[in-house]
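First up is the structure itself, then whatever we jot down about it.
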Amino acid sequence: MKTFTMTTLVVALSLLTASAAVAGDRVLEILVVNMTPDAEVTDASRRCFQHILRKIRDEYTHTTRMGESALLREIGRSDPREFMDWPSDALEPLRRRQDPPWLDAVALVDCRPEARRVDVLVVSPARGMARMRLRGVELDRARAQWIAERILEHGWVGFTP
């Protein structure tokens with residue numbers, strides 16, 4: 001009985017301390033860009049973006065952050081206002097980088113709580129695009145987490161370790 005109890009304890013402890021990773025396993029590499037125009041960034045919009053970013057980082061991801069101006073330079077565009085209409089190949093320069101981290105997914109987020117609106121564009125590893133436009137909604141922490149979950153849901157589409 002003592003041996004059985006000790007064996008059960010060892011197995012239970014190993015299950016509690018075991019990593020979820022397996023050979024060949026890797027996290028989703030995702031770039032998250034705050035697309036709220038610099039002139040319109042407020043404390044509330046920063047908090048909204050940070051809540052979304054934090055939720056994405058808490059999941060099984062390696063998250064890189066970039067600002068709107070840096071993104072525009074990198075992809076050779078000058079006007080961010082129409083980002084929701086960009087084709088997926090507009091973001092290809094980001095995905096073809098020679099230096100790590102290589103990106104699986106890209107999420108562009110324009111969060112404006114005062115205007116009760118958020119726009120999100122996600123390009124998945126399968127090169128599919130998801131667009132989300134919410135209007136007339138309260139953008140509190142719970143809604144920001146819900147938005148982050150939708151970003152991740154699409155960000156994993158077509159992912160292969």
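In this text, all values refer to a predicted model and were calculated from it rather than measured experimentally.
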d(T61 OG1, R26 CZ) to nearest 0.5 Å is 12.0 Å
Should D110 and R133 count as an ion pair when the cut-off is N to O under 4.0 Å?
no
State, with a plain yes or no, whether a side-chain heavy atom of E40 is found less than 4.5 Å away from one of P37.
yes
Residues 151-161, side-chain donor-acceptor partners within the protein, below 3.5 Å, at least two apart:
unit_1 : atom_1 : unit_2 : atom_2 : d
E153   : OE2    : R150   : NH2    : 3.3
H154   : NE2    : G128   : O      : 3.3

Donor-acceptor contacts under 3.5 Å from residues 81-90 side chains, at least two apart:
unit_1 : atom_1 : unit_2 : atom_2 : d
R81    : NE     : D79    : OD1    : 2.9
R81    : NE     : D79    : OD2    : 3.4
R81    : NH2    : D79    : OD2    : 2.9

Measure the spacing between CZ of R141 and CD1 of I52 and express it to the nearest 0.5 Å.
12.0 Å
Tell me whether the count of non-hydrogen atoms from other residues, nucleotides or ligands lying under 6.0 Å of CZ in R131 goes above 12.
yes
Can D43 and R46 be counted as an ion pair, charged N to O under 4.0 angstrom?
yes
Might you work through the side-chain contact (heavy atoms from CB on, under 4.5 Å) test for H62 and R57, ending with a clear yes or no?
CA-CA 7 Å; H62 176 263; R57 282 184 174 157; over 6 Å; no
Do you reckon V41 sits in the same ILVMFWY cluster as M35, going by side-chain contacts under 4.5 Å, direct or chained?
no
Once you round to the nearest 0.5 Å, how far does CG of D38 lie from CD of E68?
5.0 Å
Backbone of E29 reached by a side-chain donor or acceptor of D104 within 3.5 Å:
yes
Show your reasoning for whether side-chain contact (heavy atoms from CB on, under 4.5 Å) applies to T42 and T36.
CA-CA 9 Å; T42 63; T36 305; over 6 Å; no
Answer yes or no: is there a side-chain heavy-atom contact under 4.5 Å between L108 and V32?
no
Between C111 and V118, what is the shortest heavy-atom contact and its length?
CA-CG2, 3.9 Å
Going by an N to O cut-off under 4.0 Å, is there a salt bridge joining E138 and R143?
no
D25 side chain near Y60 side chain, heavy-atom distance below 4.5 Å
yes
In this structure, CD1 of I56 is separated from CZ of R65 (nearest 0.5 Å) by 11.5 Å
Identified side-chain contact (heavy atoms from CB on, under 4.5 Å) counterpart of M132 within the set I147, L121, V109:
I147
CG of N34 to OG of S69, rounded to nearest 0.5 Å, is 10.5 Å
Side-chain heavy-atom pair M66, V106 within 4.5 angstrom cut-off
no
Please round to the nearest 0.5 Å and tell me the distance separating atom CG of L91 and atom CG of L103.
10.0 Å
How close do P113 and S45 get, counting heavy atoms only, and between which atoms?
CD-CA, 3.6 Å
Tightest non-hydrogen contact, residues L139 and R116, listed as CD1-C, 4.5 Å
